[in-house]
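To keep things clear, I will list the structure first and then write my remarks on it.
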2 protein chains.
Amino acid sequence: MTSLPLSPRETARRRLLDALRREGPMARVEIGQHLGMSPASVSELAATLLDEGVLVAEDSPDQSPGLLRGRPKTRLYFAETLGSVVGVWTGFNRIELRLVDSAGRTRASRHVERPLRNLGGEELMDVLAHTIAAFAEESGARDVKAVGLACQGYVDTRDGIVAWSPVLGTRDLPLAAGLRQRLGKPVLMENDASAMAFAIAQRNADLRSGRTACLMVGDGVGLGFLIQGELYRGARFGGSEFGHVRLRRSGPQCRCGGRGCIEAYLADYALHRDAQLIDHRPAPTLLLPGEEAMGAIVEQARAGDPALVNLFHAAGEVLGDAVGILIQTLEPDHIVICGPGTRAMDLLRPSFEAALESQTIPELRALATIHVVESSMDLLTEGVVMQALRELDLDLARLKAA
Amino acid sequence: MTSLPLSPRETARRRLLDALRREGPMARVEIGQHLGMSPASVSELAATLLDEGVLVAEDSPDQSPGLLRGRPKTRLYFAETLGSVVGVWTGFNRIELRLVDSAGRTRASRHVERPLRNLGGEELMDVLAHTIAAFAEESGARDVKAVGLACQGYVDTRDGIVAWSPVLGTRDLPLAAGLRQRLGKPVLMENDASAMAFAIAQRNADLRSGRTACLMVGDGVGLGFLIQGELYRGARFGGSEFGHVRLRRSGPQCRCGGRGCIEAYLADYALHRDAQLIDHRPAPTLLLPGEEAMGAIVEQARAGDPALVNLFHAAGEVLGDAVGILIQTLEPDHIVICGPGTRAMDLLRPSFEAALESQTIPELRALATIHVVESSMDLLTEGVVMQALRELDLDLARLKAA
DNA sequence: TTGATTTATTCAAGCTGTGAATAAAGTGCA
DNA sequence: TGCACTTTATTCACAGCTTGAATAAATCAA
């Protein structure tokens, strides 16, 4: 995790490893084409990395369909034995866990239902550390090299501090340091929308070219932004709590304390609360509804309940405005809408498209293709684990002093 | 203007030239420190560039204050004789022109009052080409190597096409190609807010580190975004017509056809129109008021006219919302508010700050320092000229085939 | 079995960047 | 005036890195 400058050869090694992480197993020729390196260079680098045991060569040639002439490619990939990584996502009342080996293969995963809201900082770190350690133990992982943690809020990725999070009562919680102390492993942190964006781009090469803005709608509304497949980093935080952009001067209450935020229309808690209000149910709450509760609301709206239809109509309009702002500000090549909120995309779409069209000129709108990705939340751990693996790869790229 | 890949040495030459353009004349040691190059490398590169006549060494040692011991630095800079560049900005009824030599020194500048709105594409290109040629002629420039053109609207910088501009009736005007044909010189185009952002960062080294969002308020509202001093490029256009982000669902009319856009509150034409409406003057117009008219409105508001105070109050609030969105989306290190609109910053400030505070958490707001830069519009030509010079430097960085 | 085809390796050569030694160009002071 | 000192610039041999070309390897097709 040090940051000594890399020598030219180390940089080349890093680029090679990065390409393999991004694109998966590749033959030497393919690596060369990807990186604009000569076959000679790739061969030399690969030989060393194979020697060191960082990479392994594929046994079965596993020919791709098409012409089968010539010497078959032997693809290279990371060894599985370089140590594993645990990826964690903390939601309001749920912890997702995933164990992957150094080849990126998931070895175990599970989730724990556990309300995390309103825990104090120390208490939260105790719970998390205990949960992570127990998970690693149960999964028989003896070689955990790092922990990656995604959570909602403004996350200082460099120092591992959560400046503010809807989950936490505390501000400026040094979560990474606290967990590192308890677990004895380096802990890398990431905003959850960023982790999601990264994971989705990992699975779709298209999204790794140009600029990709990834709007995650669910518990809240987050934004992860990728430039050429790399997470955009702002002045301090990665990712954005984009949901707290205020789009309406006087709108429904948001859990940030303000009114008229994007979240206050689109997030699960907001839709659920407003649906309750319609039915004259007891005091509206900001607590997170479960998937069943949300599913019921969506079904009721699909069945034609006019008040609920209106709710989704307003939400779609806000979503359209939000995407319009992203297009006008970032001018991305791709917009991804993901997260549990996509469950109601059919209900949101008409007003979403109308709002988007009404505020962007066609030339601009045409630039961004809009992808709706029905991603499940366990992708989050995938994203953060990939980031942690890449961080560990940095050490692998370093040449041991002779 | 070709884009052959540069060899390593050519890349080093390019970096050296770029550093000199950015930072101004520098001694070899300083260049080395800036670029992390060894003195030996700088010396070698500089010798070649001096040989080729691209750079010249300073005669007068011109010691900086402080210790005067040791061999004095001899600073290097671009020769003046490598050809000049004309920079142009087209406003609604004004053309700004600037001639600089290859050392970046302004040799002549002027502006022409000429309504450009509602001209057809061909006609506009004729007028511009004629104006530029006449200016170069008058200024005695025999060696114009390129023309840089900044204008409002969505500008495709790569192909030199104006997809949409408030100045133009036409869409997708191939302005660069048309001018190139008429003038026989390469023409580089840029969105005007981008040009302004670049020029301002050129004068303030702070703004060249990290991320800088530059909001230009004047005829319209544009956004130029810099990452590490380089202009951020979206999928197709540079810069953003950020003014057409819709912040109020039903607000005043904007010249884009919509309602409630940022511009419709903040731009000169909007303030002027609304001020007229208050006085029950004849039909409101979207034409651009002059500086005198705007000055009068501002003075009246400063004198306490309550309706006008309200107008600026509303505008400041919109500006605060706009900056809030920028902070939450881009998380910049610097925010620059510039352009003629800053003339009323004192009137805007209270509601600006209130709006900004009400929608960003303190941790986030604290990251971005806000600079109000009272820039005049002739900075625009400076920005676009610097960009054009850098483009020409690319050719100078190339080694002639032996 | 031979030829064709594609992938991988080897090796010498060339380009680049660097450290160390050296030269250069001044100031400060006796 | 001259010598010590300091900082800047250049030179040069050398090491690191990448590459092109030649060669080897592995397979299919006939």
Side-chain angles (χ1 to χ4, degrees), chain A residues 5-16 19-20 25-51 55-77 397-402, chain B residues 5-16 19-20 25-51 55-77 397-402:
Chain A
L6 298 177
S7 72
R9 166 156 280 142
E10 288 172 333
T11 307
R13 283 162 62 95
R14 169 111 180 105
R15 293 214 304 142
L16 195 157
L20 284 178
M26 274 194 289
R28 280 161 253 236
V29 245
E30 296 166 335
I31 295 172
Q33 287 159 1
H34 254 275
L35 300 179
M37 270 180 198
S38 70
S41 300
V42 178
S43 204
E44 207 279 323
L45 291 169
T48 318
L49 288 164
L50 286 164
D51 244 31
L55 298 183
V56 290
E58 192 176 42
D59 282 342
S60 55
D62 183 50
Q63 293 284 13
S64 53
L67 290 190
L68 299 183
R69 281 184 295 192
R71 177 175 173 174
K73 303 176 203 286
T74 56
R75 298 194 296 183
L76 306 176
Y77 202 57
R398 289 223 164 76
L399 292 161
K400 314 293 165 283
Chain B
L6 297 177
S7 73
R9 165 153 281 141
E10 288 171 335
T11 307
R13 284 162 62 96
R14 168 106 179 110
R15 293 214 305 143
L16 195 158
L20 285 178
M26 274 194 289
R28 279 161 255 235
V29 246
E30 296 167 333
I31 295 173
Q33 288 159 1
H34 254 277
L35 301 178
M37 268 180 199
S38 71
S41 300
V42 178
S43 203
E44 207 279 325
L45 290 170
T48 318
L49 287 164
L50 286 163
D51 244 31
L55 299 182
V56 290
E58 191 178 45
D59 281 343
S60 55
D62 183 48
Q63 293 285 14
S64 54
L67 291 189
L68 297 182
R69 281 182 297 191
R71 177 175 173 173
K73 303 178 203 285
T74 56
R75 298 193 295 182
L76 305 176
Y77 203 56
R398 289 223 164 74
L399 293 161
K400 315 291 167 282

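Computed from a predicted structure; not experimentally measured. We name chains A, B, ... by the order of the sequence lines, and we start the count at 1 in each one.
Nucleotide D/dT8 holds its P atom 13 Å from the CD1 atom of B/Ile31, rounded to whole Å. Separating the CD atom of A/Glu30 from the P atom of C/dA8 is a distance of 8 Å, rounded to the nearest angstrom. For the pair A/Glu58 CD and C/dT7 C1', the computed distance is 14 Å after rounding to whole Å. Distance CZ (B/Arg13) to C1' (C/dC15): 15 Å, rounded to an integer number of Å. The nearest whole Å value for the distance from the CZ atom in A/Arg15 to the P atom in D/dC17 is 14 Å. Following rounding to the nearest Å, A/Arg28 (CZ) and C/dT10 (P) show an atom-to-atom distance of 10 Å. If you take CG of B/Leu45 and C1' of D/dA9, they are 14 Å apart, rounded to a whole angstrom. Across the protein-nucleic acid pair, B/Glu44 atom CD and D/dC12 atom C1' stand 12 Å apart, rounded to whole Å.
Checking C/dT10, D/dA29, D/dA9 against every side-chain atom of B/Val29, the shortest atom distance belongs to D/dA9. Counting only heavy atoms from C-beta on, A/Ser43 has its side chain closest to C/dT9 among C/dG19, D/dT8, C/dT9. Nearest to the side-chain atoms of A/Arg71 among the listed nucleotides C/dT7, D/dA9, D/dT10 stands C/dT7. Of all nucleotides listed (D/dA26, C/dA8, D/dA9), D/dA26 comes nearest to the side chain of A/Pro72. Residue B/Lys73 places its side chain closer to D/dA9 than to any other of D/dA9, D/dT18, D/dT6. Closest to the side chain of B/Ser38, out of D/dA21, C/dG19, D/dT18, is C/dG19. Listed candidates were C/dT9, C/dG28, C/dA8. Nearest to the side chain of A/Thr74 is C/dA8. Across D/dC17, C/dT18, C/dT9, the shortest atom-to-atom separation from the side chain of A/Arg9 is found for D/dC17.
Looking only at side-chain heavy atoms (C-beta outward), A/Leu20 and A/Leu55 come within less than 4.5 Å of each other.
Phosphate contact (OP1/OP2 of C/dT7, side-chain N/O of A/Arg75, threshold under 4.0 Å): absent. Applying the 4.0 Å criterion to OP1 and OP2 of C/dT16, one finds that B/Ser7 has a side-chain N or O inside that range. Side-chain N/O atoms of A/Arg69 include none lying less than 4.0 angstrom from OP1 or OP2 on D/dA26.
Atom CG of A/Leu16 and atom OG1 of A/Thr11 lie 12.5 Å apart (nearest 0.5 Å). With values rounded to the nearest 0.5 angstrom, B/Leu49 atom CG is found 9.5 Å from B/Glu44 atom CD.
Checking side-chain atoms of A/Glu58 against main-chain N and O of A/Tyr77 turns up no donor-acceptor pair under 3.5 Å. Without hydrogens or angle criteria, B/Arg28 side chain to B/Ala46 main chain gives no donor-acceptor distance under 3.5 Å.
Map A/Gly36 and B/Ala27 each onto its nearest nucleotide of DNA chain D; the residue landing nearer the 5' end is B/Ala27.
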